[in-house]
There are 2 protein chains.
Amino acid sequence: MAHLPTVLDVGRIAGVSRQTVSNVINTPDIVKPETRERVEAAIAQLGYRPHASARRLRTQKSSTLGIRLDPMANGISGAVLDRFLHAVTEQADRRGLRVMLFTADSPEDEIEQFARMRDGADVDAFILTSTFYRDPRTEWLIANGVPFVTFGRPWGIDDMNDPRHLWVDVDGWSGVHQATEHLLGTGIRHIAYLGWPSPSGTGDDRRRGWREAMVTRSHLSELELDALAMVAEDGVGNGRAAVEALRATGTPVEAIVCASDSLALGAALAVGADIPVIGYDNTPVAEAVGLSSVEQPLDEVAAGVLELLMGPTGADVLDRDAAAGVPRHRLVTPRLVVRERSTLL
Amino acid sequence: MAHLPTVLDVGRIAGVSRQTVSNVINTPDIVKPETRERVEAAIAQLGYRPHASARRLRTQKSSTLGIRLDPMANGISGAVLDRFLHAVTEQADRRGLRVMLFTADSPEDEIEQFARMRDGADVDAFILTSTFYRDPRTEWLIANGVPFVTFGRPWGIDDMNDPRHLWVDVDGWSGVHQATEHLLGTGIRHIAYLGWPSPSGTGDDRRRGWREAMVTRSHLSELELDALAMVAEDGVGNGRAAVEALRATGTPVEAIVCASDSLALGAALAVGADIPVIGYDNTPVAEAVGLSSVEQPLDEVAAGVLELLMGPTGADVLDRDAAAGVPRHRLVTPRLVVRERSTLL
DNA sequence: TACCGCGATTTGATCGATCAAACTACGCTA
DNA sequence: TAGCGTAGTTTGATCGATCAAATCGCGGTA
């Protein structure tokens, strides 16, 4: 195979040295315009492209982000992470970054992978798609000075504002609040909520969105609200069972807001087409069966992740010092997608 | 930041030269056992890991596979590609390979990306998740000697057995055949098929699976079979409409086999719980609503992809010559997952 | 004793780029 | 005219590993 052109080849053709070629690519301003044009022509003529590994070796940057591909991303809501992955890859492409995947069996294994990829100069930064209180992974990353951003707030007390922990999240409170408000706006008052058991950072946040909307506008008593608050582990079957159990008590239910599309589908199956049900995540399932749902703006999340990592326009991962002026986290607002369910389910 | 250990550091501690350290890592057999142990101890002590970019620069291999993340992977069946991605990443990890993502707007753009990543020595090989007749991408890859494997057969006449085009695919014929056989086994004879419009390599293949099973065992006439063969673009609504149209004609229908879970969900919504419906892809939706479906063994597909690319156990992408004895393609058999739908839908 | 052969290890060169320092040419000033 | 600053460019060194060739050590043979 004829060897690919290098800076030297380009320089030879343009009649300049290798470094000048390098300058044309990396710091065009310091090159005299007419020289630059000659070099650019040579680059085009040869179809030259910088050798990524060589550059990485020299600069000690990889222009690559690492994301763990969650093994349990199955289930009805797994698609959210996949859509996020799409969004991140597109945004990263736009900035000249690559996305590299890896898998891990456990948090410890994942840390092992962090170490491996960091040491191999394989990646500049990591994106984590979920974290939990006292997550050993974020602690390790912080301790070892490896840049990272999480999609999802760290729900621990102190963590949330730790300036070393960058995060982007979707405002679940707002999403569920919007959904509830939307239903309240149709004149309905007995709106039930079907969510996950406590404690769950995300789950509790969403539940509060419903509760606070209801307290403000439903004019129901605390007791009545408690009765309308259902709890179930995620899953279609669980959701259906919970709703059937609630209805068996005779509590009036005019609509149901859910913490996920899985639960919402279960709820919809339990109540039929008469009672509005709103899910969360706007998964393909919701679309398929015509279920209203809260859509997470994953493009925005992805853009936010990269912005926290590299600044508004940068093409390099900021180190901690350079990141002084940049905000440490971002909360994006989801959007309610209203659908007519009657035609399908 | 204290610099990471290099082969030189390891050698210094073990009292050997850098090359011996390299040998311990790459060709342990040629190193005297006691020396090897000393070096290994030093490696462990320092927590040394080879610098990936340096190695890549020298060896001109990246140990990385490129996969395009399909932008239109939405919809109910998009999950299949995502599960495939999981499987590939896991299998690749097992062989010490990484998976790198990229996006592209068009086949031309994708070729541009191929060129960029190949020239940058970013990836050793590509995995394509779908191809079509006279696909410019595979033609480019072949012409430029870039290794690749496709998930999905090239349906063109000559392409299928082109030894330069490696592929792995799932035997859709068999999947639908199994589904039809299963229904026939329950004593039912009027089994309809709901599939995509022709021509479609994959779609026509699946349709044949149904037809041939029916011809063999249903004892229905060609005319009756034609009447039971429905055509619809993919989508829940389309599926539902097609089934409703068929039933409106009065044609007796005792069961429906479908080319996708989307169509199957539409069919199920049209016929209710009385008539068995079998989908394809075994997506989360099928599981959620309790729909039988044909499951693609994506782990097997992923394993096959890597095997074609690197041989049964290799850790390096085979070049064309080294791949002499290795088979050029593999067809894996899907599996029917039978579910009781009545409880949910 | 001198030399060969061979396993084990070391040294020199290299992959392709970028950093840092040195050099050139040229205009300006004293 | 010598000296100086500066924009533009070149040369030398380096990143961390591996390849290729040279060297070392040592038992065996004539």
Side-chain angles (χ1 to χ4, degrees), chain A residues 1-12 14-39 42-43 46-63 96 116-122 124 315-316, chain B residues 1-40 42-43 46-63 96 116-122 124 315-316:
Chain A
M1 164 150 50
H3 91 128
L4 295 170
T6 72
V7 273
L8 212 59
D9 300 314
V10 174
R12 200 142 34 213
V16 297
S17 72
R18 53 182 208 288
Q19 181 61 36
T20 299
V21 178
S22 172
N23 288 337
V24 168
I25 295 168
N26 299 299
T27 47
D29 346 329
I30 72 164
V31 179
K32 190 156 77 175
E34 65 184 72
T35 314
R36 182 167 63 219
E37 281 168 29
R38 226 168 50 246
V39 172
I43 289 178
L46 291 178
Y48 165 81
R49 291 171 205 287
H51 192 288
S53 295
R55 171 180 281 169
R56 291 209 262 265
L57 172 59
R58 184 68 247 230
T59 62
Q60 304 287 15
K61 316 210 146 176
S62 66
S63 298
R116 179 145 58 208
M117 299 179 83
R118 196 268 313 255
D119 292 355
D122 257 340
D124 289 335
D316 281 317
Chain B
M1 165 151 47
H3 90 128
L4 294 170
T6 73
V7 274
L8 213 58
D9 299 314
V10 174
R12 200 141 35 212
I13 291 214
V16 298
S17 73
R18 54 182 209 285
Q19 182 61 35
T20 300
V21 177
S22 173
N23 287 338
V24 168
I25 294 169
N26 298 298
T27 48
D29 346 329
I30 72 165
V31 179
K32 190 156 75 174
E34 65 184 68
T35 312
R36 184 167 62 220
E37 280 168 29
R38 224 168 53 245
V39 172
E40 277 162 352
I43 289 179
L46 291 177
Y48 165 80
R49 294 171 202 286
H51 191 287
S53 295
R55 171 182 282 169
R56 291 208 260 266
L57 172 59
R58 184 69 247 235
T59 62
Q60 304 287 13
K61 314 211 147 174
S62 66
S63 298
R116 180 146 56 207
M117 298 180 84
R118 195 270 312 256
D119 292 354
D122 257 342
D124 289 335
D316 281 316

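Proteins get letters first, then strands, A, B, ... in listed order; numbering begins at 1 in each.
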Toward the 5' end of DNA chain C, by each residue's nearest nucleotide, A:N23 or B:T20: B:T20
A:V21 vs B:Q60, nearer the 5' end of DNA chain C by closest nucleotide: B:Q60
Passing candidate, side chain to side chain contact (heavy atoms under 4.5 Å, CB included) with A:V10, options A:L46, A:I25, A:V16: A:L46
5' to 3' contact window, DNA chain D with chain B (heavy-atom distance under 4.0 Å): D:dG16 to D:dA20
Could you tell me whether [X] contacts a base, only the sugar-phosphate backbone, or nothing, with contacts defined as non-hydrogen atoms closer than 4.0 Å?
X	result
A:S17	base
B:R49	sugar-phosphate
A:T35	sugar-phosphate
A:R18	base

Output the distance between atom [atom1] ([X]) and atom [atom2] ([Y]), rounded to the nearest 0.5 Å.
X	Y	atom1	atom2	result
B:T20	B:N23	OG1	CG	6.0 Å
B:R58	B:R56	CZ	CZ	16.0 Å
A:S62	A:R118	OG	CZ	12.5 Å
B:R116	B:D122	CZ	CG	10.0 Å

Please produce a list of atom pairs where a protein N or O lies less than 3.5 Å from an N or O of nucleotides 24-27 of chain C.
none

